[in-house]
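First the structure, in the form of structure tokens, and then the observations on it.
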Amino acid sequence: MTPKFIFTTGGVLSSLGKGLASASIGALLEARGLTVILQKLDPYVNVDPGTMNPFQHGEVYVTDDGAETDLDMGHYERFTHAKISKKCNHTTGSIYFSVISKERRGDYLGGTVQIIPHVTDEIKRVIQSVVNGSDLAIVEIGGTVGDIESLPFLEAIRQFRNDVGKENCLYIHLTLVPYIKSAGELKTKPTQHSVSELRRVGIQPDILLCRTERPLDRHLKEKIALFCNVEPEAVITAVDVESIYEVPLKFHEQGLDEQICRKLNIWTRAPQLTDWEDLVYKIKNPAHEVTIAMVGKYVDLRESYKSLNEALSHGGVANTTKVNIKFVDSEEVERQDAGIIGPVDGILVPGGFGSRGVEGKIKAVRLAREQQIPYFGICFGLHMAVIEFARNVLGWPEAHSSEIDPNSPYPVIYLMREWFDFRTQRIERRDELTDKGGTMRLGAYPCKLIEGTLAHKAYKTEEISERHRHRYEFNNEYKQALADEGLVVSGTSPDGQLAEIVELRGHPWFLGCQFHPEFKSRPMDPHPLFREFIRAALRYKNSKQA
Ligand code: GLN
């Protein structure tokens with residue numbers, strides 16, 4: 001079939017959940033047997049979010065092909081089978097970057113380069129290039145309608161409908177219908193304004209998703225339909241839900257997928273949603289409960305650990321267990337002591353950069369190791385585990401990562417000078433002088449597991465592929481000394497050069513991995529390491545009570 005395009009825009013304010021809505025639309029269309037791909041066009045000027053502070057932007061999501069992308073890519077991958085790649089996330093910065101590179105190369109043959117048509121053409125080119133054999137592309141426009149930065153994107157998608165034809169292009173607009181307590185009423189005015197803003201740039205939305213605390217009644221839907229020039233059935237309530245995985249089902253109940261297929265003239269089977277129903281049932285009816293301490297830096301911002309929170313909850317689903325996450329500020333642990341972590345059933349130290357709170361994270365590892373509390377260290381969390389062990393078991397108090405202490409006499413974590421890189425298929429070299437952005441090990445790498453280890457038992461296979469985002473590595477010079485005392489390497493790169501997983505012998509469950517497994521966990525297919533970590537936490541909890 002000719003590829004179809006759905007554009008999702010947002011109005012009134014940000015954080016209404018446009019990414020989730022787009023991902024849920026993808027899930028519904030997949031359930032009808034269509035193949036989908038998703039893309040996000042972000043209006044900010046950074047070329048990618050790799051260098052952005054997670055405080056401002058939330059998590060940086062890493063794809064198999066090593067792109068550092070917006071966290072909405074995580075929703076897309078968790079809700080659909082779309083293979084998200086570099087092509088799926090563009091920004092004003094990346095669009096201008098390629099326009100300017102083309103201009104410098106002389107591709108425009110001396111013409112004057114302008115926003116219309118050159119920038120808009122480039123935007124339309126990246127939209128067309130993402131479809132690549134899928135039936136449908138869902139393209140989310142970041143930001144809110146009315147922002148200066150989103151104008152070229154809106155102009156490009158306006159033109160798009162004329163290029164591909166009406167029946168191949170659909171506009172869905174997400175807005176807010178706030179409930180005003182003092183008036184005891186839901187207010188439609190912000191929606192009317194944001195739709196008229198969209199119409200000013202030439203886009204008439206086909207479907208409205210109205211985010212609201214309370215369902216919209218017939219009368220209100222009709223009012224919105226009238227003022228916004230859409231059919232009443234095309235006004236869909238996006239009511240607040242307990243679990244994000246309910247969103248596709250809620251949309252389906254109101255006929256959203258039906259509307260989309262009708263408007264785009266697509267014939268499909270009825271959607272098969274039993275997987276989603278089962279999932280939501282499991283989430284809402286857990287048999288057990290555990291509490292996991294997450295000891296990190298951006299503790300007050302859940303958005304910075306989005307995929308990790310999701311992966312933990314998937315691990316819970318696999319064990320019919322509700323996972324409560326207790327965010328613990330590592331700087332607080334550093335100032336006080338590990339006691340403030342309190343009674344928990346598992347400790348997790350997530351990825352991180354820089355020295356803030358490092359001593360607190362090391363204290364948390366020590367607590368887990370000594371008290372036999374299940375421990376899961378991810379990337380920086382693996383570094384912390386190795387440092388803690390070198391200091392407190394091997395008796396090298398000055399052991400450190402050269403990221404934090406370049407002069408440590410025991411650099412157990414360091415910048416590896418040279419290795420064969422299985423992703424780029426060439427010898428990579430690093431030193432302190434190589435520049436910041438370009439030097440990380442990024443994207444999917446193969447890893448070989450050693451039989452009989454926790455890792456091997458979890459994955460039940462010999463070779464795995466996981467995503468990385470880091471510079472520093474385990475220092476093989478200390479491998480033997482650490483192993484002699486019980487901290488062993490259980491997964492390596494295929495040539496054995498890079499240590500990818502370490503674990504502690506004689507501890508019920510203590511594992512650190514150099515990669516970010518959270519990026520590959522799916523609600524219907526929980527990641528093996530998260531599944532086993534939660535299982536261990538449950539076992540630990542039961543043993544305490546026994
Ligand atoms: N800061 C560490 C490094 O660059 C770990 C990074 C991470 O946890 N993602 O190697």
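Only this structure's heavy atoms are used, side chains among them; waters, hydrogens and symmetry mates stay out. Every number for a ligand or one of its atoms is a count from 1 in the order of the listing.
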Checking heavy atoms under 4.0 Å, the part of Arg469 that sits near ligand 1 is backbone
* Just by distance, do the side chain of Asn319 and the backbone of Gly315 share a donor-acceptor pair under 3.5 Å? -> yes
The atoms of ligand 1 lying under 4.0 Å from a heavy atom of Gly351, numbered in the order shown, are 8 (O)
Checking Tyr540, Phe389, Trp509, Phe510 against Tyr375 for ring pair (Phe, Tyr, Trp, His ring centres under 6.0 Å), the one that qualifies is Phe510
Going by the 4.0 angstrom heavy-atom rule, the piece of Glu403 near ligand 1 is side chain
Atom 3 (C) of ligand 1: closest protein heavy atom, distance to 0.1 Å, is Arg471 N, 3.4 Å
Worksheet item: Does even one non-hydrogen atom of His383 get within less than 4.0 Å of ligand 1?
Response: yes
### Message
For ligand 1 and Gly354, I'd like to know whether there is a polar contact (N/O to N/O, distance under 3.5 Å).
### Response
no
Look at the side chain of Asn475 and the backbone N and O of Pro411, then say whether any donor-acceptor pair between them is shorter than 3.5 Å.
yes
The single option from Glu77, Glu500, Glu518 that satisfies salt bridge (Lys or Arg N to Asp or Glu O under 4.0 Å) with Arg467 is Glu77
Inset, instruction - Over 60° means perpendicular and under 30° means parallel, so classify the ring planes of Trp276 and Tyr245, tilted if in between. - result: tilted
Of all protein heavy atoms, the one nearest atom 7 (C) of ligand 1 is Cys379 SG, 3.0 Å
inquiry  = Any atom of ligand 1 sitting under 4.0 Å from a heavy atom of His516?
reply    = yes
protein heavy-atom neighbour closest to atom 10 (O) of ligand 1 works out as Tyr472 N, 2.8 Å
Can you tell whether the side chains of Glu68 and Arg469 come within less than 4.0 Å, N to carboxylate O?
yes
Going by distance alone, is a donor N or O of one side chain under 3.5 Å from an acceptor N or O of the other, for Ser401 and His383?
no
Counting from 1 in the order shown, the ligand 1 atoms closer than 4.0 Å to a non-hydrogen atom of Gly352 are 1 (N), 2 (C), 5 (C), 6 (C), 7 (C), 8 (O)
